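What follows is a short report on a single structure.
Note that the structure is predicted; figures quoted are calculated from it, not measured. Chain letters run A, B, ... following the sequence lines, proteins first, then strands; residues in each count from 1.
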Amino acid sequence: MKLRPTRRGRTRAVLAVLLSLAVTVVLARPADAAYAQIEGSGSTWSEVILQQWIADVDANGMKVTYNGGGSSQGRKAFGQNVTDFGITEIPYQGKDEFGNVDSAGSREFAYMPIIAGGTAFTYQLTVGGKLVKNLRLSGETIAKIFTNQITNWNDPAIKKDNNGRVFPSLKITPVLRSDGSGTTAQFTTWLDKQYPAIWRGFFGRSGLTSYFPRKGAAIAAAGSDQVMNTIASASGNGHIGYVEYSYPVNKKYPVVKVLNKAGYYVEPTQYNVAVALTRAKINQDKGSDKYLTQILDGVYSATDPRAYPLSSYSYMLLPTGAKDQRMTTAKRQTLADFMFYSLCEGQSKAGAYGYSPLPLNLVQAGFDQLKKLKTADPKVDIAGRSVTRCNNPTFVAGNLSKNKLAEVAPQPAACDKQGAGPCGGGTGTAPTSTEEASAASGDDKGTASPGTTPAAGTPGAPADAAVPGASGVVDPVTGAPQAATATGGGDVTAVPVELLAGRAGDERVFGALAAVELVALVVVPGMLAALLRKRRRNA
Amino acid sequence: MSTWVRTAEPSVDADAPRRLVGAESGADRAFVVSMRAIGTTVLLITGGIGLFLALQAWPTLRHYGLSFFTETQWEPEADVIGIGSVLVGTFSVALVALVVAFPLALLTALYISEYAPARLRGLLVSMVDLMAAVPSIIYGLWGFFVLQPHASAIAHWLHVHLGWIPFFTVEADADAAVWEQSRYTASAFVAGLAVAMMVIPMACAVMRQVFSQAPTGEREAALALGATRWGMIRSVVLPFGRGGIIGGTMLGLGRALGETIAVLLIISPAFDLKIRVLEVGTNTVSALIAGRFGEANGAQLAALLTAGFVLFVITLIINTLAAVVVARSRSGAETDA
């Protein structure tokens with residue numbers, strides 16, 4: 001009985017303190033009153049950078065929550081009015097590949113670009129016990145590798161891409177995503193647009209898919225993490241897979257330099273992706289069901305020497321309906337300010353996470369979409385939130401005509417040009433290996449004879465006549481003639497010609513020895529214990 | 001005097017249970033009612049899950065008919081869906097798991113209940129229980145990073161020496177100078193080894209409990225007749241515990257069939273109907289559901305739930321059989337043998 005009044009009194013005191021605190025907070029930051037918590041879900045690909053932005057704007061009173069559950073799930077949740085915004089890598093498909101309805105229903109929305117990135121190809125290939133870190137491949141070679149047309153690392157097409165450098169006779173094992181994924185969708189979009197003959201013959205249909213069909217030697221793993229782990233595993237020699245650039249960077253694994261239309265082999269670094277995306281177009285046809293979605297044909301065929309062809313960006317599904325059942329003025333304001341931060345300052349954090357900042361054309365497109373929030377609700381304040389006041393790392397807010405990206409994005413090295421090099425430096429964040437550089441160039445110089453034109457040569461045919469008598473060497477693994485062995489001085493691009501590991505007699509002796517050791521391992525401790533016990537008893 | 005011979009059957013009161021009189025107290029009644037309610041809830045929940053899955057499965061089963069069980073491919077886009085290969089994969093993973101787990105669990109249980117010194121016993125029991133407490137994703141990661149490099153070498157050895165058995169063949173050159181290690185990874189064999197680690201504690205706990213219930217009188221009798229410890233175990237403990245051994249193994253099988261995340265992490269999903277457990281690529285029902293669930297809706301979701309329903313029914317049957325066997329063994333009827 002006695003306790004009650006005191007407890008009530010204490011509660012009251014706490015309440016009073018809280019109230020006064022709340023009042024001071026509200027008074028101190030009047031802008032906060034205009035915000036309300038917004039919720040979104042979708043892409044796991046964009047989740048890392050999005051969570052960083054959410055943490056950044058939290059200090060300004062904006063409360064945003066985000067759940068990564070996959071692009072398809074994000075689109076579904078948005079269409080069912082479960083979330084305020086969605087993030088997805090591919091637009092609504094109308095009907096998805098399984099014939100199910102994939103649309104936003106009656107909800108009005110706009111596609112808004114938020115973050116860019118490159119689909120990287122990472123691999124494990126060791127030569128002489130060392131990881132190859134400067135592999136170069138053309139788009140066509142990549143397409144043929146993933147459609148099982150090129151199955152060995154000593155394929156002439158790969159040799160040609162690497163300017164005559166020969167890799168060992170080793171089976172190629174493509175590693176795919178086994179779960180539905182936006183990365184697969186982006187990769188297959190590129191395949192479908194750029195190499196329709198190769199892709200459609202393999203896929204059996206046209207268009208993209210979120211589930212890469214697994215055939216032949218390919219193996220599949222669940223999630224980008226497991227794809228990366230499979231490639232990096234002890235048994236991963238000869239594996240190649242596609243993941244977001246950040247995975248090989250974090251794992252310190254190399255990525256393939258992909259040939260672009262300017263004839264350079266480039267890495268998916270943040271600036272190479274941004275340069276390519278300046279060629280991205282946005283579908284402005286209001287009648288099309290792909291209205292406001294990305295048209296990446298320009299990106300795939302960008303002629304800038306820095307452009308990485310497999311670049312794309314992910315979208316925010318922005319609710320633009322005036323009568324949207326979930327949206328209020330406060331929520332629209334939060335969304336507008338959150339996106340203003342993300343498109344501008346937020347983009348400068350992209351590189352550190354393995355993403356790429358959006359270039360000017362896409363930021364402008366983003367702001368065009370943000371204006372629709374104002375159209376839907378005139379009370380939303382977007383004054384001052386425009387490109388001219390945007391601190392994006394790829395352009396100068398005060399001077400939009402100044403091409404900052406051209407200054408900050410480094411040009412590719414001369415040795416990365418088609419027909420030159422290959423460069424010796426590593427890729428990803430891997431330390432450069434000068435030995436490989438010298439070795440590679442040594443190969444080039446050492447075989448300066450007419451027979452070594454990289455384009456020449458069919459499998460098995462000793463095109464590299466520069467090696468006298470080499471045609472007599474036969475690879476014990478494949479039985480194919482070893483035409484293209486190391487030639488130049490100091491070359492490490494050796495073909496591993498391994499002899500049998502042991503003789504038949506040895507095997508029997510060692511087998512018996514192993515059996516004896518195994519028995520000893522089980523029996524000796526027990527015998528020892530018994531012996532000790534006996535001795536103790538005697539003593 | 002005449003002898004009187006009793007002709008009537010001796011009338012002995014037949015044993016009949018005595019009627020207990022006396023009303024149950026309020027507390028007793030409340031206890032009975034609440035216990036009954038809790039028991040019913042468990043039944044209702046399990047039944048509800050089964051009913052939900054059955055309702056979801058019905059349209060799919062009607063659409064595909066028996067081909068749902070025989071078709072090996074899973075291609076919703078082409079309207080070809082079946083769990084033939086997946087079921088075979090599920091059982092091959094479970095089989096590998098049991099082949100590894102059964103002897104280990106049996107010997108561990110025997111050691112703990114019969115041989116281990118008393119002060120070690122408690123520690124060993126809690127260690128085995130600890131194995132059951134480790135989340136399955138840990139076993140998955142362990143299997144992938146630690147076990148797989150070595151397991152693939154064992155798989156290669158099995159292929160080289162026992163490759164003539166269809167079970168141990170791999171579509172790769174066994175005698176290649178540089179063996180293709182990646183052909184021996186991500187297989188039902190590696191996944192089965194990881195699952196075995198999860199089966200062991202469960203099977204071991206059941207077996208150990210049944211062994212420890214072997215009647216002391218009979219144990220002492222066997223020892224008194226001059227049996228060695230092993231002789232006593234063979235003639236008393238093992239016959240008594242036969243039901244526990246079978247039941248524990250079947251409970252473990254139920255667990256192995258349903259194991260998801262560890263399998264998903266290790267295998268490379270493939271829809272091939274094959275018994276080559278050492279070769280890369282397999283799939284299980286639960287891994288299929290986990291891998292495809294995120295992006296599935298509509299017809300594919302229903303098909304996944306149907307696969308789940310099939311697994312539910314199989315696991316239910318196996319667990320019920322196991323429960324029946326275990327319950328029987330506890331009567332001690334087998335010791336007469």
Side-chain angles (χ1 to χ4, degrees), chain A residues 44 69-73 75-76 95-102 124 168-171 173 175-182 185 204-205 209-211 213-215 217-223 225-226 229-239 475-478 496-501 511, chain B residues 74-79 81 140-141 144-146 148-153 155-157 160-161 171-173 175-187 190 261 263-272 280-281 283 287-288 290-303:
Chain A
T44 47
S71 294
S72 309
Q73 181 272 336
R75 293 196 300 275
K76 197 158 58 170
K95 268 192 167 183
D96 69 10
E97 56 254 52
F98 303 128
N100 303 311
V101 178
D102 181 19
Q124 189 192 132
S169 167
L170 180 72
K171 282 208 176 120
T173 308
V175 183
L176 315 166
R177 282 284 290 276
S178 64
D179 52 336
S181 119
R205 291 180 287 133
T209 177
S210 296
Y211 295 91
R214 196 208 65 82
K215 296 177 189 173
I219 58 178
D225 267 323
Q226 277 306 90
N229 288 334
T230 305
I231 292 168
S233 70
S235 56
N237 194 14
H239 288 31
D475 185 343
V477 182
T478 59
V497 179
E498 290 194 19
L499 300 171
L500 279 175
Chain B
W74 187 275
E75 289 169 2
E77 63 269 37
D79 200 26
I81 280 184
L141 292 173
F144 185 86
F145 287 108
V146 183
Q148 184 153 283
H150 306 293
S152 57
H156 179 238
W157 186 88
V160 169
H161 296 281
E171 281 183 352
D173 183 8
D175 303 316
V178 183
W179 60 287
E180 273 187 84
Q181 199 180 359
S182 66
R183 293 287 103 192
Y184 299 88
T185 58
S187 60
V190 184
I261 195 70
V263 176
L264 183 69
L265 278 181
I266 290 171
I267 60 164
S268 159
F271 295 97
D272 307 331
V280 62
N283 214 343
L288 171 77
R292 297 275 172 145
F293 179 75
E295 304 250 327
N297 46 15
Q300 201 196 0
L301 191 62

Taking side chain as everything from C-beta outward and backbone as N, CA, C, O, which of these in B:Ala287 sits under 4.5 Å from a heavy atom of chain A? Side chain, backbone, both or neither. neither

What is the distance from atom CD of A:Gln226 to atom CG of B:Leu141, rounded to the nearest 0.5 Å? 7.0 Å

Non-hydrogen atoms of chain A under 4.5 Å away: do they reach the side chain of B:Thr185, the backbone, both or neither? side chain

What is the minimum heavy-atom distance between A:Ala220 and B:Pro269, and which atoms define it? O-CD, 3.5 Å

Contact origin within B:Glu180 toward chain A - heavy atom pairs under 4.5 Å: side chain

How close do A:Ile219 and B:Arg183 get, heavy atom to heavy atom, and via which atoms? CG2-NH2, 4.1 Å

Does any backbone or side-chain atom of B:Phe145 lie under 4.5 Å from a heavy atom of chain A? Answer side chain, backbone, both or neither. side chain

Could you report the tightest heavy-atom contact between A:His239 and B:Ser182, atom names first, then the distance? CE1-CB, 3.1 Å

Hey, what do you get for OG1 (A:Thr173) to CD (B:Gln181), rounding to the nearest 0.5 Å? 11.0 Å

With a 4.5 angstrom heavy-atom cut-off, is it the side chain or the backbone of A:Asn237 that approaches chain B, or both, or neither? neither

If I compare all heavy atoms of B:Ser268 with all of A:Arg214, which pair ends up nearest, and what's the gap? OG-CD, 4.3 Å

Most contacts with chain B, counted as non-hydrogen pairs under 4.5 angstrom, among A:Ala217, A:Gly204, A:Pro213: A:Ala217

Under 4.5 Å from a heavy atom of chain A, the part of B:Phe271 involved: neither

